[in-house]
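First comes the structure, then the notes that go with it.
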Amino acid sequence: GESVGLHLPTLSVQEGDNSIINCAYSNSASDYFIWYKQESGKGPQFIIDIRSNMDKRQGQRVTVLLNKTVKHLSLQIAATQPGDSAVYFCAENRRRTGFQKLVFGTGTRLLVSP
Amino acid sequence: DTEVTQTPKHLVMGMTNKKSLKCEQHMGHRAMYWYKQKAKKPPELMFVYSYEKLSINESVPSRFSPECPNSSLLNLHLHALQPEDSALYLCASSQRGSYTFGSGTRLTVV
């Protein structure tokens with residue numbers, strides 16, 4: 001299953017499917033991007049990150065792809081499990097002299113049915 | 001210790017009350033943040049402290065007053081809040097681009 005993030009805030013998949021969550025970012029100067037998972041009543045939990053000098057990074061069952069030309073990020077989750085059900089946010093790290101800040105995208109809710 | 005601890009977890013306050021949210025980390029991170037998150041929305045940055053000095057105030061109303069007593073503690077003082085201020089308040093810390101979030105304080109203003 002695949003979402004376009006901003007336009008389809010909910011992605012429903014079957015257990016075992018691969019999921020793709022998309023995100024568009026706005027600031028071409030952002031140098032670092034992070035995907036977070038947030039479960040109900042909890043704070044954002046780090047999943048995977050990627051620096052702007054990379055196109056792809058893989059973790060355990062997750063892959064992040066970065067396309068700087070069109071300012072687009074995607075998170076791929078392989079063999080999605082019910083425990084993956086949560087809201088997923090992309091975030092871009094914006095640096096200024098002396099500090100940095102994290103700006104979150106809109107988010108996509110992932111629903112995994114058994 | 002690799003956590004950011006926030007207290008209390010839940011808070012109900014009246015519009016005339018004064019209360020404080022607390023955040024603590026012992027990872028040696030020198031940047032700390034307050035975010036506000038409304039239901040079904042992404043976290044929105046409120047304040048950034050860098051080396052215990054306020055670096056960013058994202059045009060937050062003065063009824064929210066942050067304080068960083070030392071490098072491990074961050075407070076958010078609340079006074080004369082409105083019902084629309086009800087939200088999840090998240091604290092985070094960072095070092096070299098690595099961010100850690102707390103579980104948040106669920107605030108309800110009545």
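Proteins come first, then strands; the chains are lettered A, B, ... in the order of their sequence lines, and each starts at number 1.
If you measure heavy-atom distances from A/Lys101 to chain B, the contacts under 4.5 Å come from both the backbone and the side chain. There is no contact between A/Gln45 and chain B, counting heavy-atom distances below 4.5 Å. With a threshold of 4.5 angstrom between heavy atoms, B/Tyr35 approaches chain A through side-chain atoms but not through N, CA, C or O. Using a 4.5 Å cut-off between heavy atoms, B/Glu44 does not touch chain A at all. Neither the backbone nor the side chain of B/Thr100 comes within contact range of chain A, judged by heavy atoms closer than 4.5 Å. Proximity to chain B is limited to the side chain of A/Tyr32, based on heavy atoms less than 4.5 angstrom apart. Looking at B/Tyr99, the atoms closer than 4.5 Å to chain A (heavy atoms on both sides) sit in the backbone and in the side chain alike.
In this structure, A/Met54 places its CE atom where more than 12 heavy-atom neighbours from other residues, nucleotides or ligands lie under 6.0 Å away. Other residues, nucleotides and ligands contribute only 12 or fewer heavy atoms inside 6.0 Å of the NZ atom of B/Lys18.
Look at B/Lys38 and B/Glu84 and you find no salt bridge, because none of the NZ, NE, NH1 or NH2 atoms lies under 4.0 Å from a carboxylate O. Looking at A/Asp31 and A/Arg51, no side-chain N of the basic residue comes within less than 4.0 Å of a carboxylate O on the acidic one, giving no salt bridge. Under a 4.0 Å N-O distance rule, the pair B/Lys22/B/Glu24 does not qualify as a salt bridge.
Ranked by heavy-atom pairs under 4.5 Å with chain A, the list B/Ser103, B/Pro43, B/Ala31 is led by B/Pro43. The most heavy-atom pairs under 4.5 Å with chain A, out of B/Gly102, B/Ser50, B/Ser55, come from B/Ser55. Ranked by heavy-atom pairs under 4.5 Å with chain A, the first of B/Gln37, B/Arg30, B/Arg106 is B/Gln37. Counting heavy-atom pairs closer than 4.5 Å to chain B, the top-ranked of the candidates A/Val103, A/Val87, A/Asn93 is A/Asn93.
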task = Take A/Ser30 and A/Glu92 through the side chain to side chain donor-acceptor pair (under 3.5 Å) test and state the conclusion after the steps.
result = CA-CA 6 Å; A/Ser30 295; A/Glu92 53 182 302; 2.5 Å; yes
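A ring pair (Phe, Tyr, Trp, His ring centres under 6.0 Å) with A/Tyr36 is found for exactly one of A/Phe89, A/Phe104, A/Tyr88, namely A/Phe104.
Of all the heavy atoms in B/Cys91 and B/Gln6, the pair that sits closest is N-OE1, 2.8 Å.
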